[in-house]
**Q** 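Got a structure here, written out as C-alpha cells. Questions coming.
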Amino acid sequence: MNIRLVALLVLAVASGSGLGLGADESAVDGKRVYVLPIREDIMPPLVYLVRRGVKVAMDGKADLLVLDMDTNGGRVDVTEEIIGILNNFKGQTATFVNRKAFSAGAFISIATQKIFMAPQSVIGAAAPIMLVPGGAPQDMPETMQAKMNSALRALVRTSAEKNGYNIDVVEAMIDKSKELKINGKILNEKGQILTLTNTEAEREYGDPPKPLLSSGTVENLDELLKNLGYASATRVDIQPTGAEQVAMSINMISPLLFIIGIAGIYIEFKTPGFGLPGIVGIAAFALYFFGGYIAGLSGLEWLAVFLVGLALLGLELFVFPGTTALGLIGTALMLVALVMAMVDVYPGMPALPTFKMLELPLRDLFIAFLGGTAAVLALSHWLPKTSFYAKLVSQTASGTTTVARLERQQMSRLGQVGVALSALRPGGKAQFGDEILDVISQGELIDKGQRVKIIGHSGMAAIVEGVG
C-alpha cells in the first residue's frame, strides 16, 4: 500500500496534476514580473502608487517591471517625479499602451526601455497646456510655452537617449514648431503635434530599419510577456489601495502636523496630569509618521525611534532633571526620526542617505521648526492668561487639583529658596526641599547648583532669581 501511494505521488508530480504538487514553469524559470497600472491622470496620488510599486518590485527582486498605461496625461512636475522613481529600478522595464498614452503618459512611457501598444492605441500629443481653475485647458503664452518646451525637451531627451528612442520623434510630440522628417519623408509638419497610432509607431525607418517608437503591437499583457521571454515568469499585479490619496492629503499638511505636535506636547508639559493637549500632540505626530508610511517613504520603525527619543526627553524632564545627556540624546533621536520618516529610500541603497535625499525633508523640518517655535512662544505668552488654560489645568489634574488649590500652592511657594538642578537659560529645573519644579529666570543666566528664590509664577512654571 505504501509503495502504491508513493508511486501515485510521483506520477502526480510528474504530470503537474491532481494534488497540486506539480512543478510549474515559473518555479523552474525563476523570473518575476511586476505589473504597475497607470490608469488615471498623472496627478500627485499616482506618485505614491508608483513609489510603492517600484519598492515592492525591488524587494521582490523583479526581473521586469511593466507599466500598464491608459492615461490622458497630467502634471509635468508629477511626471518628473515618477520618472525619477522609475529610474531607481535596475531591472528591465516596458510600457504597454493599453489604449492611450497622451502627454505626460508619453513622457513616462519613454522612461521605460521598451514600448508595446495594443491594437487601435495611440501615443503622443505631449505639448504643455495651461489649466485654468473652473475652465477648459488653454494654450500657454508664447514666452511661457517656449520655456516649458525647453525644460520638457531636456527632461524627455535624457530618457530617450538612455533607452535608445529617436529624439526627433519625441521632440515632435512636444514642440509643434518642429518638423519630423526621416529619410526625406515628412512624418509631421510644422504647426502640428505628433500623435502616433500603434501601426505608425511600430513602422520601421532608416538604414538599418528601426521602429519609429514602438517595439510592436500586442493584444494583451500576456502576449507582451511572451514577446520579452517572460511567458512562464511569476506575475505580480500591483493594485491601487486608495491609501495613496490619504497619503497625499497627510503629507501636504505634514509641517502643520509637526507644529500641532510640538504645541500639544508643550502644553502637556506645562499642565499637571495627562489630557487633551498630550493626546492631540501625540495624534499629530502619529499622523505625520503614518503619512510617510502609507506614502511608501518609510517604515514605522522611525515612529518607534521617535517614541524612544520622547521617552528619554521625558526622563530628563521628570525623573532625572539636570542630567542633560538623556535630553540631548532624546532630542537627537526625535529629530532624526522626523527627517528620516520623509526620506525616500529604496531597497539596495546605501544605509546613509545622501544630501539630495535629505534636502526636501530638512527644508520641511526647518519650516515646521520655525512654525513650532513661534507657536510655543505665542502659547507661553498668551495661554496662561486665558480661561481655557484654567479649565485645562483643572481638567487635566485627574480631579485632584483645582485652579484655586493650584493658586494657593503657588502663593505658598513665594519666597522659597532652592537650588538649580540644571543651568537656567532661562528655563530649567530647581529643587525646593523635597519638591522639584519647572522654573524660569527673568532672562538672566543661572548656573547649575546656584541658589534661587521664587518670586512669581508664569503658568505652571515658577519665576526665580539668583541669590548670593
**Q** Begin with the C-alpha distance, continue with both residues' side-chain angles, and end with the deciding distance and a verdict on side-chain contact (heavy atoms from CB on, under 4.5 Å) for Val35 and Leu67.
**A** CA-CA 6 Å; Val35 179; Leu67 305 185; over 6 Å; no

**Q** Any donor-acceptor pair under 3.5 Å linking the side chain of Asn227 with the backbone of Glu223?
**A**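 Pair absent, no side-chain N/O of Asn227 close to backbone of Glu223.
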
**Q** Check the side chains of Asn198 and Ser121 for a donor-acceptor pair under 3.5 angstrom, ignoring hydrogens and angles.
**A**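 Note: Ser121 and Asn198 side chains miss the donor-acceptor criterion.
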
**Q** Measure from the side-chain N and O atoms of Gln113 to the backbone N and O of Thr93, and report whether any donor-acceptor pair falls under 3.5 Å.
**A**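 Yes: the side chain of Gln113 pairs with the backbone of Thr93.
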
**Q** Which value, rounded to the nearest 0.5 Å, describes the distance between Ser103 atom OG and Ile123 atom CD1?
**A**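 Rounded to the nearest 0.5 Å, the OG-CD1 separation comes to 11.0 Å.
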
**Q** Salt-bridged, Lys178 to Glu171, with N to O below 4.0 Å?
**A**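 A salt bridge is present here (some side-chain N lies under 4.0 Å from a carboxylate O).
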
**Q** Which residue in the set Arg235, Gln92, Lys31 passes side-chain hydrogen bond (donor to acceptor under 3.5 Å, both in side chains) when paired with Tyr230?
**A**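 Answer to the side-chain hydrogen bond (donor to acceptor under 3.5 Å, both in side chains) test with Tyr230 among Arg235, Gln92, Lys31: Gln92.
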
**Q** Which atom names give the shortest non-hydrogen contact between Ala104 and Gly74, and what distance separates them?
**A**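 For Ala104 and Gly74, the tightest heavy-atom pair comes out as CB-N, 3.6 Å.
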
**Q** If I take atom CG from residue Asn188 and atom CG from residue Leu180, how far apart are they, to the nearest 0.5 angstrom?
**A**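 Rounded to the nearest 0.5 Å, the CG-CG separation comes out at 6.0 Å.
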
**Q** Hey, is NZ on Lys100 packed in by over 12 heavy atoms from elsewhere, all under 6.0 Å?
**A**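 Enclosed: over 12 neighbouring heavy atoms sit under 6.0 Å from NZ of Lys100.
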
**Q** Restricting to non-hydrogen atoms, name the atom on Leu228 and the atom on Ala94 that form the minimum distance, rounded to 0.1 Å.
**A**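 Nearest pair, atom of Leu228 first, then Ala94: CD1-CB, 4.1 Å.
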
**Q** Donor-acceptor pair, Asp63 side chain versus Arg32 backbone, under 3.5 Å?
**A**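 Present.
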
**Q** Would you name the heavy atoms of Tyr165 and Thr112 that are closest together and state the gap between them?
**A**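 Reported closest heavy-atom pair: OH-O, 2.9 Å.
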
**Q** Kindly give the heavy-atom pair with the smallest separation between Phe96 and Met117, and that separation in Å.
**A**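 Taking Phe96 first and Met117 second, the nearest heavy atoms are CE1-C, 4.1 Å.
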
**Q** Measure from the side-chain N and O atoms of Thr71 to the backbone N and O of Gly73, and report whether any donor-acceptor pair falls under 3.5 Å.
**A**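 Yes, because the side chain of Thr71 sits within donor-acceptor range (under 3.5 Å) of the backbone of Gly73.
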
**Q** Measuring from atom CG of Leu333 to atom CZ of Phe306, what distance do you get when rounded to the nearest 0.5 angstrom?
**A**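 Separation between the atoms: 10.5 Å.
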
**Q** Minimum heavy-atom separation for Leu36 and Gly53, please, with both atom names.
**A**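 In this case the closest contact between Leu36 and Gly53 is CD1-CA, 4.2 Å.
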
**Q** Looking only at heavy atoms, which two atoms of Ile83 and Phe107 are closest? And how far apart?
**A**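 The pair with the smallest heavy-atom distance is CD1-O, 4.0 Å.
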
**Q** Looking only at atom types and distance, does a side-chain atom of Asp41 sit under 3.5 Å from a main-chain N or O of Met43, one as donor and one as acceptor?
**A**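 Here the side-chain-to-backbone pair does not exist.
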
**Q** Report yes or no: do Lys162 and Asn87 form a side-chain donor-acceptor pair below 3.5 Å?
**A**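 There is such a pair between these side chains.
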
**Q** How many angstroms lie between atom CE of Met58 and atom CG of Asn88, to the nearest 0.5 angstrom?
**A**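 CG of Asn88 is found 6.0 Å from CE of Met58.
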
**Q** State the CZ-CG distance between Arg39 and Leu46, to the nearest 0.5 angstrom.
**A**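 Answer for the CZ-CG pair, Arg39 versus Leu46, is 12.0 Å.
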
**Q** Mark yes or no for whether Glu200, through its side chain, and Thr197, through its backbone, hold a donor-acceptor pair below 3.5 Å.
**A**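 Looks like yes, one N/O pair under 3.5 Å.
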
**Q** Quick one: pull up CG in Asn166 and CD1 in Ile110 and give me the separation to the nearest 0.5 Å.
**A**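 So the gap between those two atoms works out to 10.5 Å.
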
**Q** Go through the steps for Ile174 and Val156 under the test side-chain contact (heavy atoms from CB on, under 4.5 Å), then give the verdict.
**A** CA-CA 9 Å; Ile174 301 171; Val156 181; 4.1 Å; yes

**Q** Identify which one of Asp237, Val236, Thr234 satisfies the side chain to side chain contact (heavy atoms under 4.5 Å, CB included) criterion when paired with Tyr34.
**A**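 Testing Tyr34 for a side chain to side chain contact (heavy atoms under 4.5 Å, CB included) against Asp237, Val236, Thr234 leaves exactly one candidate, Val236.
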
